[in-house]
Structures are given as C-alpha cells and as structure tokens.
Amino acid sequence: MPLSQTAPAASADAARSRLHITPQTILSRSPRTGAIIGEVEVATPLQIREAVGLARLAQPAWEGIGLRRRLTFLRSLRDALYRGQNRILDMLVAEQGKVRQEATLEYLACLELVDYTLRTAPRVLRQRDVRVRLLPHRRFTIERYPYGVVLVIAPWNYPLWLSLDPIVTGLAAGNTILYKPSEYASQLGEIVASLVAEADIPREVFHILHGYGDVGQALIAAHPDYIVFTGSAATGRKVAHAAAEQVIPVTLELGGKDAAIVLADADVEEVAEGIVWSGMFNAGQTCASVERVIVLRPVAERLIAAMKQAVMRYISNGDGTPSPMLAALTTPQQMEIVQQQVQEALATGARAIIGGRRLDGDGRFYAPTILVDVTPEMRIWQEETFGPVVAVMVADTEEEAIHLANASDYGLTASLWTRDPRRAEHLARQLKVGSVSINEHLLISGVPEMPWGGVKGSGYGRTHGEQGLQEMTCIRTLNSDRWALPLEPFRYPYTAFKRSLARRATHFLYGPTLIDRLRSLR
Ligand code: NAD
C-alpha cells in the first residue's frame with residue numbers, strides 16, 4: 001500500500017526527515033528577549049558530501065594561486081569585516097546576548113587577527129634552509145604546505161573570533177574550509193559566511209554547514225585533513241576520539257577553570273576590579289574567565305569586600321534586574337549548569353556574599369555571584385561553570401596557593417596578582433597552564449600575536465601567533481644536491497677508508513677533550 005494512504009502526517013514527516021527530503025531548521029532566539037532572530041537549515045548528508053567533495057576538488061587551485069593572491073582575498077575580508085561593524089555587533093548582542101562594548105572587543109580582536117595574519121604569513125610560512133653539519137654537500141629545506149580540507153567546529157561564546165581565527169589562518173595557509181558554527185550562533189555564522197563571500201573568495205573554497213552535534217560528527221566522518229575544534233571538554237573528547245580513529249590531526253581548544261592567585265602584598269582595590277572584570281566579562285562565558293580566586297590569608301577579608309564593592313559598583317543593579325553591563329547567558333543549558341553548581345555549593349556550606357540566583361524578568365540573566373567558604377571537593381571548584389560566578393578560597397602560603405591552582409583537571413590560563421614582579425615570575429613558572437598573566441587575566445586570550453591553548457583537560461595544539469598559522473600546515477622536508485662529493489661516504493662499497501673516515505669524524509666532532517679530538521688526525 002502506498003505510504004500516503006497508511007501513514008499519518010507525522011510519520012510521513014519523520015520518514016521525509018530520515019531521508020532528509022525536508023531539511024530540519026535551527027531557530028535563533030535572543031537570550032535577552034526571547035525574540036526570534038532567524039532560522040537556518042540544517043545541512044543534509046547530501047549537502048555535507050557535496051561540500052566536502054567541492055572543498056577537496058578546489059583545494060589544489062586555492063593552494064596553487066600562491067600566498068600573495070590568497071592574502072589579497074583576506075585583505076578584502078578584513079575590509080568587509082570593517083564595513084560590517086554595525087550588523088556584526090547588532091547580531092552579537094541579539095543572538096548571543098552580549099553587551100555591545102564587550103562585543104566590540106571581540107570584533108576588534110578579529111580585525112587585529114586578520115591584520116596580523118596579513119603582516120606575518122609571508123615570513124611565518126616561507127620555506128627555511130637548514131644547515132646539516134654531517135652532510136654539508138646536501139641542501140636541506142623545511143617547507144610548509146596546507147593540510148588540504150580543514151574542518152572548523154566553533155562554539156557560541158565568541159562566535160566571530162573563534163570562527164574567523166581558524167578560517168583566516170587556514171585560508172592563508174592554502175586550505176579550503178568546512179565551517180560548522182554552533183547551533184547557538186547560526187545567524188552569526190551566516191554573517192561570517194557573508195564576509196567570506198564579500199571578499200570574493202571562491203565559493204568552492206569555503207562551505208558553511210549548519211547543524212547540531214550530529215552534523216559535526218558527519219563532517220569528521222567525511223575525513224577532513226585537519227580539525228580545529230573549540231568547545232567543551234566533553235565534546236572535545238568525542239571529537240578527539242573520532243579524529244583518532246581516522247588519524248586526523250586536531251587542535252582542541254577546550255574549557256578552563258582558571259585561577260587568579262592574589263598574594264599578600266597585592267593592591268587589593270585594584271586587584272578586585274581586575275578580577276571582577278575578568279570573571280564577569282561576557283557573564284563569565286569565556287574559556288579564560290577567572291572562575292577561582294585563591295587569596296593569601298592576610299588580604300583575604302579585604303579582597304572579598306572589595307570584590308563585592310566592585311560588583312555592586314558596575315554590574316549589579318541590586319534590585320533583581322540585570323545591569324546594562326551584564327551579558328545574558330546565551331543558552332538555556334548554560335543557565336541550568338550555573339544554577340545547579342551554585343545551588344549545590346550553597347547547600348554544602350558555601351556562602352554567596354553577593355548574587356546566587358537567576359535575575360528576574362524574561363531575559364536569561366544570572367546575578368553576578370561571589371562565593372566564599374568554598375571547598376576543593378565542590379563542583380563549583382572543580383568543573384567549568386561558564387557563568388558570572390567567582391568562587392574564593394583562602395590559602396595560608398604561596399605554595400598552598402600554587403598547589404590549589406594546579407589541582408585541577410583543566411590547565412588553560414592563570415594569573416598572579418602582586419606588586420613583586422620577580423616573585424610573580426618565579427611562581428608563574430610553577431603553574432601548569434598554557435599562559436600566565438601578572439596583574440591581568442583575560443586579555444591574553446584575544447592577542448593574535450601570542451600562541452593560545454591549554455594543557456591537561458583544556459586541550460592541545462595552539463591557535464594565534466606564529467604557531468597558530470604554522471599549525472594549519474604540514475611540514476615537508478626537502479633534501480637536495482648542493483655540490484657533488486668525489487666519493488659518497490655512506491654508500492657501498494664499505495671500505496676501510498670509509499670506516500676510518502667515520503672514526504676520525506667521531507673523534508673530531510664529539511671528543512670531549514682536545515686530546516680526544518686530536519685522535520682524529522691518527
Ligand atoms: P560544545 O562542545 O557544546 O559545542 C562546540 C561545537 O561542537 C558546536 O558547534 C557543536 O554543535 C559541536 N558539537 C557538539 N557535539 C559534537 C560532536 N559529537 N562532534 C562534533 N561536533 C560536535 O561547546 P559550546 O557550549 O558551544 O562552547 C563552550 C565551551 O567552549 C566551553 O567549555 C568553553 O570553555 C569552550 N571554549 C574554549 C575556548 C578555548 O580557546 N580554549 C574558547 C572558547 C570556548
């Protein structure tokens with residue numbers, strides 16, 4: 001019997017969606033107002049296959065036009081970015097719930113990143129000769145060439161920055177790009193795609209594919225040549241697993257549980273302002289947010305009071321409504337995680353000296369929160385919170401503070417706050433993280449010149465800086481003729497003369513004393 005006669009409409013829809021005749025859609029809603037912002041179609045398996053095929057087909061030509069031409073396209077992309085300021089900022093505010101000034105910082109970082117890539121790519125990606133002492137007659141060169149098709153899987157918290165960064169460096173290096181924006185940043189993803197189009201980058205070179213985790217998985221299964229994943233530690237593990245099965249190299253930029261260590265000599269008022277900003281910027285939805293404060297006992301009480309003052313001064317209206325300087329929590333899941341972690345901490349002995357609850361109204365806002373009497377076993381101390389919540393613990397010694405900071409599954413960044421720069425540098429070297437800031441915390445994550453990434457559960461690989469650009473390329477070493485030797489010392493036949501040559505060279509090059517080296521003459 002024909003399907004239409006037996007199946008009710010719902011099962012017909014299900015059958016169509018299984019066959020991907022009717023594409024699913026992703027609806028974007030404002031976390032501030034709940035208003036619908038836009039809708040995109042989820043990529044079908046067929047579209048994924050087509051995109052991967054086209055990207056693969058187009059890659060040799062994109063590589064072949066050379067770096068200079070590719071940088072011309074990227075200059076146009078920077079200009080498109082420059083021209084698009086207002087619509088980009090509007091979208092970051094509408095779709096992610098950002099504060100406009102904070103969105104502006106993300107936007108500026110992107111302009112600087114493209115500019116940095118334009119300035120440095122010719123030097124960083126150029127081939128390099130290497131002198132090989134044992135083989136002076138041969139010429140050795142290190143060349144960099146693109147992987148091929150790079151898959152960029154992006155998160156929602158800095159959707160412009162964390163999309164453009166791997167896209168721009170990947171394109172500069174000669175790769176073609178498959179781009180999967182977060183399902184919570186699909187409209188912003190569309191803007192990214194429109195910037196690429198405005199730059200006249202050939203359509204086959206860059207492909208946007210919307211979707212949820214299953215689209216991410218399907219893209220990995222399509223065997224790209226490299227993956228740049230930015231997202232949570234839990235998803236990062238799945239991505240790493242799927243990539244490992246096919247031996248696809250991957251950069252993993254995962255979460256953090258950053259500690260700010262405040263030493264006993266710190267200027268407490270100043271530090272409180274710095275820490276509160278670094279913990280509450282974008283409502284704490286930054287991988288490098290200050291989530292843990294470890295303060296030395298002599299200044300603990302004063303610091304906590306000053307942090308509360310700083311929150312009240314800037315980002316708390318005090319009447320249950322959100323301050324204009326406070327960003328919304330972008331996703332409903334994020335609100336749940338923050339609420340659960342804080343409630344659990346309060347139920348097991350922590351105290352909120354300010355905040356500790358969801359704010360009133362329709363918007364998805366959580367009150368800026370400072371928790372004290374926290375213990376290391378609490379989830380709020382162990383797990384990434386990703387909300388405007390800072391947990392404080394008091395340490396009796398600097399050693400204890402360092403130990404507490406390092407006792408984490410994560411290792412993204414950390415900061416030290418003190419008036420003694422030498423002491424700070426000494427302690428910085430004991431922190432098991434990807435970067436340490438002194439009397440600052442957040443800015444390093446947005447600096448294109450500095451390699452960025454974590455250790456331990458925060459991932460591996462680096463973006464930004466020379467390393468970030470280089471990671472978009474494979475290394476090919478070249479060994480070619482420099483001059484011809486009268487005889488090949490390593491090849492057949494193995495004569496007594498060649499053995500003696502090897503023995504003499506060993507004495508001459510590695511003899512620890514002059515007498516040892518003179519044995520090369522015998
Ligand atoms: P997420 O892990 O939920 O999602 C990230 C991306 O992965 C999304 O595009 C999502 O659709 C996709 N995805 C989900 N399941 C997948 C799967 N099985 N296979 C392939 N792709 C899949 O992360 P999020 O909530 O979007 O982002 C927030 C997280 O990102 C936080 O943990 C934050 O710390 C981290 N982050 C890290 C950095 C860094 O530089 N280290 C920067 C920003 C954000």
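Side chains included, hydrogens not; waters and symmetry mates left out as well; all remaining heavy atoms used. Here the structure is a predicted model, which is why all the values come from computation and not from measurement. Remember, it's 1-based here, ligands and their atoms both numbered in the order they're listed. Residue numbers start at 1 and run along the sequence shown.
For the pair Trp381/Gln341, no side-chain contact is recorded, criterion being any heavy-atom separation below 4.5 Å from C-beta on.
Pairs passing the salt bridge (charged side-chain N to carboxylate O under 4.0 Å, His left out) check and including a residue from residues 272-291, sequence neighbours excluded, read Lys257-Glu291, Glu273-Arg313.
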Would you tabulate the side-chain donor-acceptor contacts of residues 328-336 under 3.5 Å, counting partners in other chains and residues two or more places apart, or write 'none'?
from: Thr330; atom 1: OG1; to: Gln96; atom 2: O; distance (Å): 2.8
from: Thr331; atom 1: OG1; to: Gln334; atom 2: N; distance (Å): 3.0
from: Gln333; atom 1: OE1; to: Tyr184; atom 2: OH; distance (Å): 3.1
from: Gln333; atom 1: NE2; to: Tyr184; atom 2: OH; distance (Å): 2.8
from: Gln334; atom 1: NE2; to: Thr385; atom 2: O; distance (Å): 2.9
from: Gln334; atom 1: NE2; to: Phe386; atom 2: O; distance (Å): 3.2

Exercise answer: donor-acceptor pairs, residues 427-443 side-chain atoms, under 3.5 Å, sequence neighbours excluded:
from: Gln430; atom 1: NE2; to: His426; atom 2: NE2; distance (Å): 3.2
from: Asn439; atom 1: OD1; to: Thr418; atom 2: N; distance (Å): 2.9
from: Asn439; atom 1: ND2; to: Thr418; atom 2: O; distance (Å): 2.8
from: Glu440; atom 1: OE1; to: Leu442; atom 2: N; distance (Å): 3.3
from: Glu440; atom 1: OE1; to: Leu443; atom 2: N; distance (Å): 3.0
from: His441; atom 1: ND1; to: Ser415; atom 2: OG; distance (Å): 2.7
from: His441; atom 1: NE2; to: Asp258; atom 2: OD2; distance (Å): 3.0
from: His441; atom 1: NE2; to: Ala288; atom 2: O; distance (Å): 3.2
from: His441; atom 1: NE2; to: Thr413; atom 2: OG1; distance (Å): 3.3

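Contact between Tyr179 and Ser163 at its shortest, heavy atoms only, is OH-OG, 2.9 Å.
Annotation: ligand 1 has protein neighbours Ile153, Ala154, Pro155, Trp156, Asn157, Leu162, Lys180, Pro181, Ser182, Glu183, Tyr212, Gly213, Gly216, Gln217, Phe229, Thr230, Gly231, Ser232, Thr235, Lys238, Val239, Glu253, Leu254, Gly255, Cys287, Glu384, Phe386, Leu412, Trp452, each with a heavy atom less than 4.0 angstrom from the ligand.
A salt bridge links Arg119 to Asp115: at least one charged side-chain nitrogen sits closer than 4.0 Å to a carboxylate oxygen.
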